Amino acid sequence: SRCKHIRLNNQAVTLDLGLLPLSETETEIQVQVYSTQAQTYLPPQLQLSVLDADNQDVMQAEARATEAIQLKFTGSPGEQFSLRLVLQNASFAETFII
């Protein structure tokens, strides 16, 4: 699992990415975002999106007074996807290859 600490509008959050091989052709990807600050809740309206190789939104989750947002999806080795976090006018994006 990989962790990345991100600041958006003075809000510190952690992006945790885990890969679980299910077979030779399929991998489960688990993405979790949680607060790294003293308050346990994520900032409301924080959005997490998963984008495919063409930068199209394929999944989205939004924090609503929750401690974490989590998305799970499967992909094939060599496949590319991006994760994007948006909070008001601030955003963070990173591309990964399975």
Side-chain angles (χ1 to χ4, degrees):
S1 133
R2 270 199 268 188
C3 273
K4 198 167 202 86
H5 301 294
I6 301 155
R7 287 190 82 76
L8 294 168
N9 286 351
N10 287 325
Q11 301 282 335
V13 297
T14 298
L15 176 68
D16 192 348
L17 180 68
L19 299 179
L20 177 68
L22 300 175
S23 68
E24 284 182 21
T25 57
E26 204 172 26
T27 300
E28 183 180 85
I29 296 101
Q30 296 181 3
V31 183
Q32 197 172 12
V33 178
Y34 50 90
S35 177
T36 34
Q37 292 177 276
Q39 83 270 14
T40 50
Y41 292 120
L42 285 168
Q45 284 94 50
L46 175 71
Q47 287 187 330
L48 167 65
S49 300
V50 177
L51 299 94
D52 64 15
D54 299 320
N55 268 344
Q56 300 296 310
D57 266 10
V58 285
M59 290 179 93
Q60 202 170 49
E62 187 173 320
R64 289 188 179 84
T66 45
E67 291 181 23
I69 40 182
Q70 190 171 337
L71 289 174
K72 261 187 202 180
F73 55 99
T74 56
S76 307
E79 237 180 354
Q80 178 183 308
F81 68 94
S82 299
L83 298 176
R84 186 173 62 208
L85 283 169
V86 177
L87 181 61
Q88 286 125 12
N89 59 348
S91 69
F92 163 88
E94 188 163 339
T95 300
F96 301 90
I97 293 175
I98 300 170

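Residue numbers start at 1 and run along the sequence shown. Because the structure is a prediction, the values reported are computed rather than measured.
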Quiz item: Which pair of non-hydrogen atoms, one from T14 and one from C3, has the smallest distance, and what is that distance?
Solution: CG2-SG, 4.1 Å
Self-check item: Distance in Å, T27 OG1 paired with L20 CG, rounded so as to fall on 0.5 Å steps
Solution: 8.0 Å
Practice problem: Determine, using the 4.5 Å side-chain heavy-atom cutoff (strictly less than), whether V86 and V58 are members of one ILVMFWY cluster. | Solution: no
Quiz prompt | Spatial distance of atom CD1 (I98) from atom CD (Q80) [nearest 0.5 Å] | solution = 10.0 Å
Quiz item: Between F81 and F96, how do the two ring planes meet: parallel, tilted or perpendicular, split at 30° and 60°?
Solution: parallel
Quiz item: Going from CD on E28 to NZ on K72, what distance comes out if it is rounded to the nearest 0.5 angstrom?
Solution: 5.0 Å
Quiz item: Have T95 and S82 got a donor and an acceptor in their side chains that come within less than 3.5 Å?
Solution: yes
Practice problem: Using atom types as modelled and distance alone, determine if a side-chain donor or acceptor of N9 lies under 3.5 Å from a backbone N or O of L87. | Solution: yes
Exercise. Locate the shortest heavy-atom distance separating A63 from P43; write the atom from each residue and the value.
Key: CB-O, 3.6 Å
Quiz item: Distance from F92 atom CZ to L8 atom CG, nearest 0.5 Å?
Solution: 8.5 Å
Quiz item: Taking a hydrophobic cluster as the set of Ile, Leu, Val, Met, Phe, Trp and Tyr residues connected by side-chain heavy atoms closer than 4.5 Å, whether directly or through intermediates, do I69 and M59 fall within one such cluster?
Solution: yes
Exercise. Kindly compute the distance separating CG (L46) from CD (Q88), expressed to the nearest 0.5 Å.
Key: 9.5 Å
Exercise. Examine Y34 and L71 and state if one hydrophobic cluster contains both, with Ile, Leu, Val, Met, Phe, Trp and Tyr joined whenever side-chain heavy atoms are less than 4.5 Å apart.
Key: no
Side-chain donor-acceptor pairs under 3.5 Å in residues 48-55, sequence neighbours left out?
from: S49; atom 1: OG; to: Q60; atom 2: NE2; distance (Å): 3.1
from: D52; atom 1: OD1; to: D54; atom 2: N; distance (Å): 2.9
from: D52; atom 1: OD1; to: N55; atom 2: N; distance (Å): 3.2
from: D52; atom 1: OD1; to: Q56; atom 2: N; distance (Å): 2.9

Quiz item: So, the side chain of E79 versus the backbone of S76: is there a donor-acceptor pair under 3.5 Å, distance only?
Solution: yes
Practice problem: With rounding to the nearest 0.5 Å, note down the distance linking CZ in R7 to CG in L85. | Solution: 14.0 Å
Quiz item: Any link between I6 and Y41 through a network of hydrophobic side chains (Ile, Leu, Val, Met, Phe, Trp, Tyr) touching at under 4.5 Å?
Solution: no
Self-check item: side chain to side chain contact (heavy atoms under 4.5 Å, CB included) between D57 and R84, intermediate numbers included
Solution: CA-CA 10 Å; D57 266 10; R84 186 173 62 208; 3.3 Å; yes
